[in-house]
Peer 1: 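I have a structure here, written as structure tokens, and I will follow up with some questions on it.
Heads up: numbering here begins at 1 and tracks the sequence.
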Amino acid sequence: MIAASFPVQRPCDAKMLSVDCHGNLRHHARSEFADLLRPGDLVIANDAATLPASLSGRHSRTGRQIEVRLAGRDSLDEVRQFSAVVFGEGDFHTRTEDRSNPPALSPGDLLELGCLRGIVIRLLNHPRFISLQLDGSPQQVWEGLARHGRPIQYSHVPSPLAVWDTWTPIAGPPVAFEPPSAGFVLDWSMLACMRARKIRFATITHAAGLSSTGDPELDALLPLPEPYRIPQSTALMIQHAQVFCNRIIAIGTTVVRALEHTASMFEGAVPSGERLATQRLGATSRLRIVDAILSGTHARGTSHYELLRAFVDDEMLGRIDQELNARGYRTHEFGDSVFLERADKHVHSMEQPHGGDRLSHGEIIPVKSACPEEGK
């Protein structure tokens, strides 16, 4: 595939490959996404705005230049304590795989990050992965991020990103460390088209994390635990879709992770609330909620690619890779898209012992496997 090197969210020539539940593969203009949806479908997107989470600065003890990339936090409201990945000298123009290491980091080290000051609390299973506490009040931290932070960026986009380059059209709370870029496909005209076709739309807020660190050991830890919030309105729309056997379509891997994490905690139900997603989805995962995903194109071996294995098998993913390469699809956050329906083999794998999913208030609704496939 070709690296998408220009920060254009909805290029006029954006492509989309679709695979239906029977394994039929087709190519489309990505602007035709709504044409693949059916009346009654519920489309759920991540409304997180992206933080300026790259902080350049100095390691006080050695005087060496560093870059700190904020990577995680325990809740959406936490603004002072983060997990972070630290790089040595340089910036996004150098591939992450080729970036220099930072100086040896130790608990108590002071990191001078522009107008912000951070303290290394501890190392997290890797010499470049730290728990970081930023000094100051929440307001001072927000002001420091706004003044000094930059969006996390990779070398395939040579020009510096503005923070608004990373915000989807529906961006709301600034909690993501990298953009939930599958949502770039959305604009207000598409949402209006979906509404006119009786396709329902809802959002969650999920703190999308790092896609790569350039270090194989660190990349093996991805995705890190990520906090998310499911609003009551979205939870009710999911219940409605389950009752009426309508499809649930996730815009991006973060939505899948949040919904399936909640379903695993509540026996297939999705109540509202804020939680911390800790699971990893892959070929052996049982999908309880999501019927299809719109995602970017991802390289084999990444955590995003692994999640797609929950929807289709490795043989199909191999076919998809061949098509993406043969047709010149673009990859990374400003690249093209794939739309994958869950394969037939997964459809009847969600039956519960008692024939239903129990909601948090005690109501029993039919499991989705009880729904007929026609008209789903």
Peer 1: Would you name the heavy atoms of Glu333 and Val157 that are closest together and state the gap between them?
Peer 2: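 Between these two residues, the closest heavy atoms are OE2-CG2, 4.4 Å.
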
Peer 1: Find out whether Glu112 and Leu110 are in side-chain contact, i.e. whether some heavy atom of one side chain is under 4.5 Å from a heavy atom of the other.
Peer 2: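 A side-chain contact under 4.5 Å exists here.
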
Peer 1: Does CZ in Arg147 sit with more than 12 non-hydrogen atoms of other residues, nucleotides or ligands closer than 6.0 Å?
Peer 2: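 Count not over threshold, so no.
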
Peer 1: Once you round to the nearest 0.5 Å, how far does CD of Glu178 lie from OG of Ser54?
Peer 2: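 So the CD of Glu178 and the OG of Ser54 are separated by 10.5 Å.
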
Peer 1: Just to verify, which of Leu294, Asp291, Ile320 counts as forming a side chain to side chain contact (heavy atoms under 4.5 Å, CB included) with Leu340?
Peer 2: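 The side chain to side chain contact (heavy atoms under 4.5 Å, CB included) with Leu340 is passed solely by Ile320 among Leu294, Asp291, Ile320.
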
Peer 1: Quick one about His261 and Ser264 (side-chain donor to acceptor, distance below 3.5 Å, no hydrogens or angles considered), yes or no?
Peer 2: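 The criterion, which ignores hydrogens and geometry beyond distance, is not satisfied for His261 and Ser264.
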
Peer 1: Decide whether Ser337 and Tyr329 meet the rule of one side-chain donor and one side-chain acceptor closer than 3.5 Å.
Peer 2: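 No, Tyr329 and Ser337 have no side-chain donor paired with an acceptor closer than 3.5 Å.
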
Peer 1: Between Arg69 and Glu67, does at least one N-O distance fall below 4.0 Å, as a salt bridge requires?
Peer 2: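 The answer is yes: the pair qualifies as a salt bridge.
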
Peer 1: Is there side-chain contact between Phe311 and Val256, with at least one heavy-atom pair below 4.5 Å?
Peer 2: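 Side chain of Phe311 against side chain of Val256, heavy atoms only: contact under 4.5 Å found.
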
Peer 1: If only side-chain N and O atoms count, and only distance matters, is there a donor-acceptor pair under 3.5 Å linking Asp20 with His22?
Peer 2: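 No, no side-chain donor-acceptor pair sits under 3.5 Å.
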
Peer 1: Does Glu217 have more than 12 heavy atoms from other residues, nucleotides or ligands lying within 6.0 Å of its CD?
Peer 2: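 Counting other residues, nucleotides and ligands, CD of Glu217 stays at 12 neighbours or fewer.
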
Peer 1: Strictly distance-based, threshold 3.5 Å: is any side-chain N or O of Glu260 a donor or acceptor partner for the main-chain N or O of Ile289?
Peer 2: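 Side chain of Glu260 to backbone of Ile289, a donor-acceptor pair under 3.5 Å: yes, one is there.
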
Peer 1: Can you name the closest pair of heavy atoms from Pro231 and Thr203 and give their distance?
Peer 2: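 Heavy-atom minimum between the residues: CD-O, 3.4 Å.
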
Peer 1: Please find out if less than 6.0 Å separates the ring center of Tyr154 from that of Phe92.
Peer 2: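 Here the rings of Phe92 and Tyr154 have centres that are no less than 6.0 Å from each other.
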
Peer 1: Take a 6.0 Å sphere around CZ of Arg80 and say whether it holds more than 12 heavy atoms from other residues, nucleotides or ligands.
Peer 2: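 Count over threshold, so yes.
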
Peer 1: Could you check whether Ser18 and His28, counting side-chain N and O atoms only, form a donor-acceptor pair closer than 3.5 Å?
Peer 2: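 Looking only at side-chain atoms, Ser18 and His28 do form a donor-acceptor pair, the distance falling under 3.5 Å.
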
Peer 1: If we ignore angles and hydrogens, is there a donor and acceptor under 3.5 Å between the side chains of Arg200 and His240?
Peer 2: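 Per modelled atom types, Arg200 and His240 side chains form a pair under 3.5 Å.
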
Peer 1: Indicate the atoms forming the closest heavy-atom contact of Leu281 with Arg257, along with that distance.
Peer 2: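 Nearest pair, atom of Leu281 first, then Arg257: CD1-CA, 4.1 Å.
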
Peer 1: Does a side-chain N-to-carboxylate-O contact under 4.0 Å join Asp314 and Arg309?
Peer 2: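 Arg309 and Asp314: salt-bridged.
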
Peer 1: Looking at every non-hydrogen atom in both residues, tell me the closest pair between Leu55 and His148 and how far apart they are.
Peer 2: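 The answer is CD2-CD2, 4.1 Å.
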
Peer 1: So does Arg58 have more than 12 non-hydrogen atoms from other groups sitting under 6.0 Å from CZ?
Peer 2: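 Enclosed.
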
Peer 1: Any chance the side chains of Asp215 and Thr213 put a donor and an acceptor closer than 3.5 Å?
Peer 2: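 Asp215 vs Thr213: no donor-acceptor pair found between side chains.
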
Peer 1: Decide if atom CG of Asn125 counts as having more than 12 heavy atoms of other residues, nucleotides or ligands within a radius under 6.0 Å.
Peer 2: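 Count not over threshold, so no.
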
Peer 1: Kindly say whether the aromatic ring centers of Phe184 and Phe334 come within a distance under 6.0 Å.
Peer 2: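 Yes, they do, as the ring centres are separated by less than 6.0 Å.
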
Peer 1: Hey, is CG on Asp35 packed in by over 12 heavy atoms from elsewhere, all under 6.0 Å?
Peer 2: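 Yes, CG of Asp35 has more than 12 neighbouring heavy atoms, counting only those of other groups under 6.0 Å.
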
Peer 1: Any side-chain donor-acceptor pair under 3.5 Å between Arg330 and Thr297?
Peer 2: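 Short answer, no.
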
Peer 1: For atom CZ of Arg195, is the number of surrounding heavy atoms from other residues, nucleotides or ligands below 6.0 Å larger than 12?
Peer 2: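 12 or below, so no.
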
